[in-house]
Protein chains: 2
Amino acid sequence: MKNEKSIRVVGIGPGTSRHLTPAAAEAIASSDVVVGYVSYVEMVSDLIIGKEIVSTGMTGEVERCRAAARFAAEGRRVALISSGDAGIYGMAGLLFELLENDDSAIEIEVVSGVTAASSAAAVLGAPLMNDFATLSLSDLMTPAEIIRDRVSAVSAADLVCALYNPASRRRRTLLPFALERFAENRGPDLVCGMVKNASRVSQEVWMGRISDFPVERADMSTVVIIGNSHTEIIDGRMVTKRGYKL
Amino acid sequence: MKNEKSIRVVGIGPGTSRHLTPAAAEAIASSDVVVGYVSYVEMVSDLIIGKEIVSTGMTGEVERCRAAARFAAEGRRVALISSGDAGIYGMAGLLFELLENDDSAIEIEVVSGVTAASSAAAVLGAPLMNDFATLSLSDLMTPAEIIRDRVSAVSAADLVCALYNPASRRRRTLLPFALERFAENRGPDLVCGMVKNASRVSQEVWMGRISDFPVERADMSTVVIIGNSHTEIIDGRMVTKRGYKL
């Protein structure tokens with residue numbers, strides 16, 4: 001970047017170096033300061049030796065963006081990291097919002113990454129082969145009422161659906177609501193899948209009929225993918241058929 | 001992979017080595033045969049020197065999958081490449097469909113990549129920061145009627161929308177339909193953007209109000225992103241606000 005004051009918002013993918021793009025690795029390696037949620041910082045630990053690290057807990061997003069802006073204003077090269085793609089439920093948008101009325105002329109570059117829906121889909125098979133929606137079930141930023149309306153609209157339109165943040169320890173009701181709504185619209189045999197910690201050693205996979213969904217296993221590290229009416233399990237993999245004539 | 005007969009379906013990202021994951025590069029480099037659409041093969045030309053290459057034109061998807069299966073059945077290591085993420089409108093699903101009733105025990109591994117919506121979003125700013133839908137406007141595999149219904153459902157639900165394959169030389173009517181429908185539901189000042197050849201040297205970017213959308217510039221190398229009611233242009237970047245209290 002040409003600007004002296006800049007922040008790169010970097011998507012690090014699912015959390016292993018095999019899925020971190022060279023552009024993301026370079027953005028982190030060439031920075032002076034790395035800011036991120038503590039677990040994400042650990043995922044890139046081999047790239048950040050000798051750098052200043054600012055890591056905060058799960059709900060410290062605003063704090064992290066402010067720290068990134070403060071360092072950038074001092075002329076230091078900052079990498080603000082997100083898991084998956086920084087532009088999908090990541091840190092990029094918040095940083096733009098925070099700097100909207102800022103006059104320090106900090107340039108923001110977004111470095112894309114492999115988003116969690118892609119990582120989970122690859123593990124399951126090929127469930128995202130036709131039109132799909134990506135919904136977050138976290139009601140921290142979006143009212144539960146709006147989330148329920150979107151689930152209803154998506155399930156009625158026969159879109160495949162990737163659910164991010166399907167459940168937390170505290171928040172357990174929206175996932176059962178979503179599963180019920182999809183089963184209502186598409187039937188109890190609807191194929192769906194779930195991947196926890198995609199691509200990491202701790203990866204867990206489930207796929208099957210929506211009526212058998214193990215809802216208690218879903219947490220914040222899980223992506224749930226709900227099939228459409230053409231999704232099947234083929235040789236143990238979840239595949240949404242597109243209708244090729246073979 | 002442990003199986004002797006295997007195909008890796010590899011997403012190469014937007015088309016530059018900077019956005020190709022190490023897992024994807026390794027899958028291509030360790031293969032004997034690389035199968036892909038001719039333009040995608042050119043994008044990874046530095047990884048495939050000395051390998052057998054099978055490349056076909058735009059509509060040769062079935063032919064490419066059959067070629068990949070034939071080579072794998074002979075015990076050769078095959079990389080079947082797609083641009084973006086192989087699991088999102090890519091080759092992964094078709095390959096599973098093709099091998100559904102095949103008894104040659106070919107193992108399929110999907111190697112995820114950065115999908116076109118992520119690449120386009122990073123160039124525009126942060127438009128995918130809230131729930132979104134990904135729709136393809138190509139009516140080759142999905143009837144235009146169904147596409148129109150999905151556009152209507154998504155626009156009514158205030159989801160951000162990424163449109164893949166928005167128009168081809170032959171197919172020019174679904175994009176104007178979609179723009180009209182979104183403008184109807186969200187107003188003529190709705191913010192949207194368009195990126196052609198994201199991350200490549202030939203990259204072209206447009207963002208503005210939906211009523212000014214330069215529909216004639218959209219083609220098969222373009223991704224269009226339609227904002228939701230909270231999408232704004234902040235300092236020349238397209239950002240979907242999530243409602244943080246700053």
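- Residue with the most contacts toward chain A among B:Ala153, B:Ser136, B:Ser199: B:Ser136 (heavy-atom pairs, distance under 4.5 Å).
- There is a side-chain donor-acceptor pair under 3.5 Å between A:Ser155 and A:Asn185.
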Carefully, step by step, assess B:Thr240 and B:Thr231 under the rule side chain to side chain donor-acceptor pair (under 3.5 Å). CA-CA 4 Å; B:Thr240 298; B:Thr231 305; 2.8 Å; yes

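- Per-residue counts of heavy-atom pairs under 4.5 Å with chain B were compared for A:Pro14, A:Gly87, A:Ala156; the largest is that of A:Gly87.
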Mind running salt bridge (Lys or Arg N to Asp or Glu O under 4.0 Å) on B:Arg181 and B:Glu184 for me, showing each step along the way? CA-CA 5 Å; B:Arg181 185 50 49 94; B:Glu184 226 172 81; 3.5 Å; yes

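- In this structure, CG on B:Leu135 lies 6.0 Å from CG on B:Leu163, to the nearest 0.5 angstrom.
- At a 4.5 Å heavy-atom cutoff, the contact between B:Val154 and chain A is made by side-chain atoms alone.
- A:Ala86 touches chain B through its backbone: at least one of N, CA, C or O sits under 4.5 Å from a heavy atom, while the side chain does not.
- Highest contact tally toward chain A, considering only B:Leu140, B:Thr142, B:Asn130, is held by B:Asn130 [criterion: heavy-atom pairs under 4.5 Å].
- Chosen from B:Asp131, B:Val114, B:Val110, the residue pairing most often with chain A at heavy-atom distances under 4.5 Å is B:Asp131.
- B:Lys5 and B:Glu107 are not joined by a salt bridge, as no carboxylate oxygen comes within less than 4.0 angstrom of a charged side-chain nitrogen.
- For the atom pair A:Ile7 CD1 and A:Leu98 CG, the distance stands at 8.5 Å (nearest 0.5 Å).
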Salt bridge (Lys or Arg N to Asp or Glu O under 4.0 Å) evaluation trace for A:Arg8 with A:Glu109: CA-CA 5 Å; A:Arg8 288 193 173 107; A:Glu109 181 186 356; 3.0 Å; yes

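- Among the candidates B:Leu94, B:Val62, B:Leu95, the residue making the largest number of heavy-atom pairs closer than 4.5 Å to chain A is B:Leu94.
- Most heavy-atom pairs under 4.5 Å with chain B, from the set A:Ala121, A:Gly13, A:Gly90: that is A:Gly90.
- Contact count versus chain A (heavy atoms, under 4.5 Å) is highest, among B:Gly113, B:Ser17, B:Ser119, B:Ala92, for B:Gly113.
- A distance of 8.0 Å separates SG in B:Cys161 from CG in B:Leu159, rounded to the nearest 0.5 Å.
- Counting heavy-atom pairs closer than 4.5 Å to chain B, the top-ranked of the candidates A:Lys241, A:Glu232, A:Glu61 is A:Lys241.
- Residue with the most contacts toward chain B among A:Ile88, A:Thr16, A:Asp85: A:Ile88 (heavy-atom pairs, distance under 4.5 Å).
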Checking A:Asp158 against A:Ser229 for the side chain to side chain donor-acceptor pair (under 3.5 Å) test, could you report, in this order, the C-alpha distance in whole Å, the side-chain angles of both residues, the deciding distance, and whether it holds? CA-CA 7 Å; A:Asp158 203 27; A:Ser229 58; 2.6 Å; yes

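- Ion pairing of A:Arg150 with A:Glu145 is absent here, as no side-chain N (NZ or NE/NH1/NH2) approaches a carboxylate O to less than 4.0 Å.
- Remark: the A:Tyr164 side chain and the A:Thr115 side chain contain an N/O donor-acceptor pair separated by less than 3.5 Å.
- Interface check for chain B: of the options A:Ala117, A:Ser152, A:Ala126, the most heavy-atom pairs under 4.5 Å are formed by A:Ala126.
- If you measure heavy-atom distances from A:Val9 to chain B, you find no contacts under 4.5 Å at all.
- Each of B:His19, B:Arg66, B:Glu26 has some count of heavy-atom pairs under 4.5 Å with chain A, and the biggest count is that of B:His19.
- Only the side chain of B:Arg237 comes within less than 4.5 Å of a heavy atom of chain A; its backbone N, CA, C and O stay farther away.
- Only the backbone of A:Leu20 comes within less than 4.5 Å of a heavy atom in chain B; its side chain stays farther off.
- B:Asp235 touches chain A through its side chain: at least one heavy atom from C-beta onward sits under 4.5 Å away, while N, CA, C and O do not.
- In this structure, the portion of B:Leu99 lying under 4.5 Å from any heavy atom of chain A is its backbone and not its side chain.
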